[in-house]
Amino acid sequence: MKNITYTLLFLLTFMLVGCKSTPNYLTAEQLKSNYHKVMVFENSSDEIRPLYSIISQFYDPKFTRLMAKHQIEFVDSSRYFEVYEQLKAQEQDNLFDPNTGQKNSQLALKLRLIALSQVKEELQLDAFVQYGVKIRTAYFSTSGFDFDADWDGVSEPYLLDGAGAGDVLASIFIKESGSVAALSFYIEFVDQELNTLSVGRGGIELLAKYNGDKFVTKKVADVLDQAEQLATAFELAATILNGKSQ
Amino acid sequence: MISGYRLWLMVIVISLLGGCMTFYDPRPVVKQTNQLILSKAAKVAWVWHPSTERSNAKGYQIALANNIKNLQLKRSLPLVDIDQVAMINRGILKAMGGIYDPKNGQQDQLKIKRYHQLLSQKITQQWPEVEYVMMIEFVSESTRIENGRAQWRNTEQRITDLDHFSSTDNRSVVTIEVRYIALHSTKELTLNQGLDMISPPTQLKVNRYDDIIDYLFEAFSINQ
């Protein structure tokens with residue numbers, strides 16, 4: 001009886017602490033052999049949307065070449081938005097609560113899923129692909145002498161030039177780990193119910209660095225000006241189709 | 001000697017606490033100067049804007065209401081009963097069928113005008129001593145946490161992470177927008193003051209927003 005109680009407590013502990021299982025994503029080979037025609041959406045973080053033209057100008061040609069290389073036909077998302085707007089028009093009196101102005105999110109999601117399902121059938125699509133630039137979190141450790149932050153397949157020093165190990169050890173880093181905001185490019189395959197089939201990400205650059213006193217932030221527009229990092233991020237995200245060995 | 005059972009309970013509690021963050025109470029950075037004159041015996045009506053009934057705002061509404069009632073017990077704010085005002089407000093909105101367009105979620109300007117008229121009339125009927133209506137609305141925005149501190153809309157709030165130092169991060173925060181609507185004069189005011197960077201559970205401690213509420217009442221100068 002005592003052993004059973006301990007076993008239950010052991011299981012409960014792990015459940016409460018929150019063990020995460022690794023998502024079971026499709027491999028590059030599985031994607032290429034089963035998904036031949038997709039609809040594409042550009043979908044970046046809200047803060048980055050005003051810079052859409054910069055992202056589009058750099059990444060669209062690369063994305064087109066990647067899809068051609070793997071013989072995946074793609075269509076733009078204009079038909080989806082036509083269908084979605086038609087569905088919204090049919091439900092126009094139920095889209096927002098007249099008392100509070102709150103959006104009816106359940107209805108919006110339902111219409112979105114119907115539109116995805118409808119265009120999938122109409123255009124004979126196999127899946128949907130979204131890509132863009134997102135703000136992510138890079139992690140670092142302050143133990144030892146590794147002063148790199150790691151995220152989405154890349155590492156970058158989180159110290160600004162001039163800040164040394166002494167600054168780190170003598171200042172705020174009484175904790176053993178930390179995080180800093182960073183930018184990444186991503187490509188994600190989803191099905192018509194918005195379940196992720198597979199996702200590839202590549203880090204672009206950190207959005208802040210420590211100067212010995214505090215973290216100094218960078219403008220997103222300045223980070224998106226770094227062609228070499230943007231290209232590296234694309235190659236990392238493209239392993240979703242290219243595979244990791246290339 | 002700790003028994004095995006108690007040891008496991010301790011492991012669970014420590015594991016849960018290990019990932020917890022501490023958010024300090026938000027506080028205004030700069031005090032404001034009195035901008036509106038209130039007669040000595042005058043009162044103010046605190047009115048929740050209809051948007052504060054949205055699911056993502058309701059928690060702040062409840063937390064602020066509890067906080068105001070608690071503060072009222074400690075020192076006298078020039079307020080009429082906020083529960084009674086809320087009941088009158090709900091009655092008006094129900095009779096009007098809401099003030100938002102269900103097609104796009106935008107406020108119907110004609111309905112808004114009518115709503116303000118009815119609200120002013122009802123409040124004046126019930127409490128002739130009320131000189132100002134404070135119309136409370138919540139606005140979501142994004143701010144950056146740097147070195148464990150967020151500062152936005154004249155509010156500062158610190159955050160600590162017990163097992164992890166977060167340096168910079170973007171975070172969604174809530175700002176309180178207050179429109180001071182004059183019932184007997186033309187002098188009006190709108191203030192935007194940062195409120196909180198967490199979604200409050202309804203059981204938040206009841207003095208969390210004391211400094212913010214005090215700040216909102218600093219807008220008034222009592223005419224002696």
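So you know, we letter chains A, B, ... as the sequences are listed, proteins then strands, and number each from 1.
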Kindly list each side-chain donor-acceptor pair under 3.5 angstrom involving residues 222-233 of chain A, sequence neighbours excluded, with atom names and distances?
| from | atom 1 | to | atom 2 | distance (Å) |
| --- | --- | --- | --- | --- |
| A:Q226 | NE2 | A:D222 | O | 3.4 |
| A:Q229 | NE2 | A:E205 | OE1 | 3.0 |
| A:T232 | OG1 | A:E228 | O | 2.9 |

Top of B:S55, B:S142, B:G97 for chain A proximity - count of heavy-atom pairs under 4.5 angstrom: B:S55
Top contributor to chain A interface from B:R54, B:H49, B:Q106 [non-hydrogen pairs under 4.5 Å]: B:R54
Between A:F185 and A:F234, ring centroids under 6.0 Å: yes
Heavy-atom proximity to chain B below 4.5 Å, by part of A:D97: backbone
Atom group of A:E47 that falls short of 4.5 Å from chain B, counting heavy atoms: side chain
Candidates A:K134, A:R201, A:Q130 - the one meeting side chain to side chain donor-acceptor pair (under 3.5 Å) with A:E188: A:Q130
Donor-acceptor side-chain pairing of A:D152 and A:Y186 below 3.5 angstrom: no
